[in-house]
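Report on one structure; see the data block that follows.
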Amino acid sequence: MRVVVQQEPFDYGAEAAGFADGRHDMGAVVTFTGVVRDVAGGLSTMEIEHYPGMTERALEKIAQEAVDRWSLGDVLVIHRFGPMGPGEKIMMVATAARHRKDAFEAAEYLMDYLKSRAPFWKKEHAGGDASWVAARDEDEDALTRW
Amino acid sequence: MDVLYFAWVRERIGQPKERIETTATTVAELVQELRAREDRYAAAFADLSALRVAVDQDLTDFDASITGAREVAFFPPMTGG
């Protein structure tokens with residue numbers, strides 16, 4: 001299990017290739033990548049604020065819960081903070097399991113919890129205006145399925 | 001104890017962190033004290049349903065005890081991922 005919180009970009013290709021590499025007992029690897037999206041057009045920067053210390057703890061707790069709940073060989077969570085532009089990768093999760101069901105479900109669980117239980121806040125800068133992204137009810141509701 | 005603010009709560013209050021001496025025993029009591037300080041606090045804490053709280057870096061609720069806590073943080077609902 002590896003949890004990384006960092007400002008600098010990460011190398012998705014290298015991370016995906018290296019994840020669970022050599023684990024011959026793992027038949028399934030699922031990766032998810034979150035990308036800065038320009039919804040309305042005109043987004044210049046997405047700024048992500050975090051809570052140093054608590055963010056790492058919260059992500060480690062969520063990852064550990066996934067490990068306890070599904071049969072996983074490995075878990076990776078990388079999440080960036082700071083300013084980033086449209087198209088940049090914000091975060092990724094990867095799960096490895098013997099079978100795909102565990103890998104898929106655990107990746108979805110990680111994403112659902114990470115969205116509304118890990119202390120990150122997004123602020124969008126567009127055309128001189130800046131606004132905090134509001135949390136969506138659907139994201140909170142998504143937790144009830146687990 | 002240290003009181004931390006994040007995202008628009010930090011902007012509304014105008015600082016990320018401050019040291020507070022308090023006799024409050026719960027988060028709710030601390031909020032009452034802060035609200036009474038100045039308008040900017042009253043504005044930030046006007047609607048508690050729009051806020052989340054962590055005590056010593058664990059997410060909790062407004063009824064939680066802060067006795068012996070080192071750090072209390074207030075912030076809006078999180079938007080990671």
Side-chain angles (χ1 to χ4, degrees), chain A residues 3 5 32-37 39 46-63 77-81 84 89-93 107-124 130-143, chain B residues 1-20 22 26-28 30-31 34 39-81:
Chain A
V3 170
V5 178
F32 172 87
T33 314
V35 179
V36 177
R37 189 168 57 123
V39 184
M46 167 84 83
E47 200 180 325
I48 298 185
E49 183 167 328
H50 79 304
Y51 183 168
M54 181 177 166
T55 301
E56 290 83 351
R57 279 179 55 165
L59 292 177
E60 279 160 14
K61 187 169 165 232
I62 293 165
V77 179
I78 302 175
H79 204 302
R80 295 177 61 198
F81 60 88
M84 46 201 102
K89 292 178 175 62
I90 303 170
M91 52 81 58
M92 71 175 285
V93 301
E108 283 212 81
Y109 174 91
L110 288 169
M111 285 311 305
D112 282 351
Y113 270 86
L114 190 152
K115 276 195 98 70
S116 42
R117 290 292 182 274
F120 289 105
W121 301 274
K122 292 192 180 107
K123 191 177 195 180
E124 292 177 337
S131 56
W132 292 99
V133 174
R136 301 185 318 156
D137 289 342
E138 302 95 276
D139 289 338
E140 191 63 33
D141 294 346
L143 302 186
Chain B
M1 77 182 66
D2 289 327
V3 180
L4 287 75
Y5 311 106
F6 292 94
W8 62 254
V9 184
R10 169 179 55 73
E11 292 178 342
R12 210 161 285 183
I13 288 174
Q15 57 194 4
K17 185 176 180 175
E18 60 187 320
R19 194 153 188 91
I20 287 179
T22 179
T26 65
V27 175
L30 176 63
V31 167
L34 291 170
D39 287 350
R40 59 196 169 108
Y41 290 93
F45 290 104
D47 177 11
L48 292 191
S49 72
L51 292 179
R52 300 291 179 267
V53 59
V55 174
D56 287 338
Q57 304 192 353
D58 278 322
L59 207 56
T60 185
D61 52 48
F62 286 84
D63 298 330
S65 167
I66 55 168
T67 304
R70 295 179 310 278
E71 190 170 298
V72 177
F74 296 100
F75 41 79
M78 295 154 273
T79 51

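Here is how names work: the chains are called A, B, and so on, in the same order as the sequence lines, proteins then strands, and each is numbered from 1.
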**Q.** Member of A:Glu49, A:Lys122, A:Lys123 meeting the side chain to side chain contact (heavy atoms under 4.5 Å, CB included) criterion with B:Thr79
**A.** A:Lys122
**Q.** Toward chain A, the part of B:Arg52 with a non-hydrogen atom under 4.5 Å
**A.** neither
Q: May I ask you to name which of A:Asp139, A:Leu114, A:Ile48 has the most heavy-atom pairs under 4.5 Å with chain B?
A: A:Leu114
Q) Got A:Ser116 and B:Met78 here, is their nearest side-chain heavy-atom distance under 4.5 Å? A) no
Q) Around atom CZ of B:Arg40, are there more than 12 heavy atoms of other residues, nucleotides or ligands at under 6.0 Å? A) yes
Q: Using non-hydrogen atoms and a 4.5 Å limit, figure out which bit of A:Ala58 sits close to chain B: side chain, backbone, both or neither.
A: neither
Q. Which atoms of A:Arg136 come close to chain B, meaning under 4.5 Å heavy atom to heavy atom: side chain ones, backbone ones, both, or neither?
A. neither
Q: May I ask you to check whether over 12 heavy atoms, not counting those of B:Asp39, lie within 6.0 Å of atom CG?
A: no
Q.
Between A:His79 and B:Gly81 (side chain of the first, backbone of the second, donor and acceptor by atom type, cut-off under 3.5 Å), is there such a pair?
A. yes
Q: Taking all heavy atoms of A:Met54 and all of B:Leu59, pick out the closest pair and write down the distance.
A: CE-N, 4.0 Å
Q. For the residue pair B:Phe6 and A:Trp121, does the interplanar ring angle fall in the parallel (under 30°), tilted (30 to 60°) or perpendicular (over 60°) class?
A. parallel
Q: Side chain from CB out, backbone as N, CA, C, O: work out which of these in B:Ala7 comes under 4.5 Å of a heavy atom of chain A, or both, or neither.
A: both
